[in-house]
Protein chains: 2
Amino acid sequence: MEIREVFARNLRALRQAKGLSQEELAHQAGIDRTYISSLERNVYNASIDVVDRLAEVLGVDAAELLKRPSDDLQGSKSELDE
Amino acid sequence: MEIREVFARNLRALRQAKGLSQEELAHQAGIDRTYISSLERNVYNASIDVVDRLAEVLGVDAAELLKRPSDDLQGSKSELDE
DNA sequence: ATGTGACTGAAAGTCCGTG
DNA sequence: GCACGGACTTTCAGTCACA
């Protein structure tokens, strides 16, 4: 599993857990609205600076956003990367 | 402390802990030697893809390279970012 | 074995819009 | 509220020569 996909998933999951819209997150992190959308759809390779800014708004450590899921055996194949 | 600097330090520390030269690390990660040098000197905002490739060679999780030092009280002021 | 400036192509990232 | 596109600027990715 590519790191980009890990990031994309974590980003979306955490954002929704926080009850934020893409627009709100974008605004608070000082990032373009459409770019957040792209990141969640695994279109780009974000820089660590962007990861950190998003992590801050989401209230977690930057490392959290790059954490791979600890081998979910239920895990169906990804729909983000195929 | 900026995430870039955190990354730069962790990279250098882990590389040296592994007893690798920049050249060896560069070779194994398929990255140019001078680029590694730039990253360790905090010149660029690495992409998560690069972080992941380096982490793999260093035998750690990508998230490890972005972990902030847990507030080292001995910590003198950085020489990387001033 | 590393730091640095200069360089180029490629991708990141912004800003405008649409359905 | 989000996906997706086109056009645009800035920064990274990657290589070279040199100290």
Side-chain angles (χ1 to χ4, degrees), chain A residues 1-59 62-66 77-82, chain B residues 1-59 62-66 77-82:
Chain A
M1 177 142 143
E2 295 213 18
I3 191 73
R4 276 169 52 166
E5 187 185 341
V6 172
F7 171 66
R9 291 198 196 196
N10 290 339
L11 177 59
R12 175 160 289 181
L14 263 164
R15 174 178 66 78
Q16 292 177 339
K18 278 268 171 183
L20 292 171
S21 69
Q22 292 181 347
E23 286 178 340
E24 288 166 331
L25 175 57
H27 181 66
Q28 289 186 45
I31 294 177
D32 193 75
R33 167 183 65 83
T34 65
Y35 190 53
I36 304 277
S37 168
S38 297
L39 290 180
E40 289 190 357
R41 282 177 293 120
N42 193 10
V43 176
Y44 293 118
N45 241 305
S47 69
I48 58 178
D49 176 70
V50 167
V51 173
D52 194 53
R53 268 188 281 165
L54 291 170
E56 218 165 272
V57 173
L58 294 172
E64 279 296 315
L65 285 171
L66 296 189
K77 203 178 175 315
S78 157
E79 292 167 23
L80 268 174
D81 197 34
E82 56 186 352
Chain B
M1 180 143 144
E2 297 215 14
I3 192 72
R4 277 168 53 165
E5 186 186 341
V6 172
F7 171 66
R9 291 197 195 195
N10 289 341
L11 177 59
R12 175 158 291 180
L14 263 166
R15 175 178 64 77
Q16 292 177 339
K18 277 268 173 182
L20 292 172
S21 68
Q22 290 182 350
E23 284 182 339
E24 288 165 330
L25 175 57
H27 181 65
Q28 289 186 45
I31 296 178
D32 194 77
R33 171 190 72 83
T34 65
Y35 190 56
I36 304 275
S37 170
S38 298
L39 290 179
E40 288 190 359
R41 281 175 297 117
N42 192 12
V43 174
Y44 292 118
N45 244 308
S47 69
I48 58 178
D49 177 71
V50 167
V51 173
D52 194 53
R53 268 190 280 164
L54 290 170
E56 217 167 90
V57 173
L58 294 171
E64 280 294 316
L65 284 172
L66 296 189
K77 202 178 176 315
S78 157
E79 292 167 24
L80 268 174
D81 198 33
E82 55 187 354

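Numbers restart at 1 for each chain; the letters A, B, ... are given by sequence-line order, proteins then strands.
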Check whether any side-chain nitrogen or oxygen of B:Arg53 sits under 4.0 Å from OP1 or OP2 of D:dG14, and answer yes or no.
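Result: yes.
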
Looking at A:Arg12, does any N or O in its side chain come under 4.0 Å of the phosphate oxygens OP1/OP2 on D:dA3?
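Yes, within the criterion.
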
Looking at every strand, decide which applies to [X] at a 4.0 Å heavy-atom threshold: base, sugar-phosphate, or nothing.
{"X": "B:Ile36", "answer": "nothing"}
{"X": "A:Arg4", "answer": "nothing"}
{"X": "A:Gln22", "answer": "sugar-phosphate"}
{"X": "B:Ser21", "answer": "sugar-phosphate"}

So do [Y] and [X] actually touch side chain to side chain, heavy atoms under 4.5 Å?
{"X": "A:Val50", "Y": "B:Ile48", "value": "no"}
{"X": "A:Glu5", "Y": "A:Arg9", "value": "yes"}
{"X": "A:Glu2", "Y": "B:Asp52", "value": "no"}
{"X": "B:Asn10", "Y": "B:Glu64", "value": "no"}
{"X": "A:Leu25", "Y": "A:Leu54", "value": "yes"}
{"X": "B:Gln22", "Y": "B:Arg12", "value": "yes"}

Which ones in residues 44-51 of chain A lie close to DNA chain C, meaning a heavy atom under 4.0 Å from one of its atoms?
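Those residues whose heavy atoms fall under 4.0 Å from DNA chain C, taken from residues 44-51 of chain A in numerical order, are A:Tyr44, A:Asn45, A:Ala46, A:Ser47, A:Val50.
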
Take A:Asp32 and A:Thr34 through the side-chain hydrogen bond (donor to acceptor under 3.5 Å, both in side chains) test and state the conclusion after the steps.
CA-CA 6 Å; A:Asp32 193 75; A:Thr34 65; 2.6 Å; yes

Mind running side-chain hydrogen bond (donor to acceptor under 3.5 Å, both in side chains) on A:Arg33 and A:Ser37 for me, showing each step along the way?
CA-CA 7 Å; A:Arg33 167 183 65 83; A:Ser37 168; over 6 Å; no

Identify each atom pair where a protein N or O and an N or O of nucleotides 16-19 of chain D are less than 3.5 Å apart, giving names and distance.
residue, atom, partner, partner atom, Å
D:dC16, N4, B:Thr34, OG1, 3.4

Name the first nucleotide and the last nucleotide along DNA chain C (5' to 3') that come under 4.0 Å of a heavy atom in chain A.
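Answer, 5' to 3': C:dA12 to C:dG17.
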
Over how many whole Å does the gap from [X] atom [atom1] to [N] atom [atom2] extend?
{"X": "B:Leu39", "N": "D:dG14", "atom1": "CG", "atom2": "P", "value": "10 Å"}
{"X": "A:Glu40", "N": "D:dG1", "atom1": "CD", "atom2": "C1'", "value": "12 Å"}
{"X": "A:Leu11", "N": "D:dC2", "atom1": "CG", "atom2": "C1'", "value": "14 Å"}
{"X": "A:Arg41", "N": "D:dG1", "atom1": "CZ", "atom2": "P", "value": "17 Å"}

In Å and rounded to the nearest 0.5 Å, what is the NE2 to OG distance from A:His27 to A:Ser21?
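Rounded to the nearest 0.5 Å, the NE2-OG separation comes out at 10.5 Å.
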
Are B:Glu40 and B:Arg15 within salt-bridge range, i.e. N to O under 4.0 Å?
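Salt bridge between B:Glu40 and B:Arg15, a charged N being under 4.0 Å from a carboxylate O: yes.
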
Would you say A:Gln16 has more than 12 foreign heavy atoms packed within less than 6.0 Å of its CD?
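Counting other residues, nucleotides and ligands, CD of A:Gln16 exceeds 12 neighbours.
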
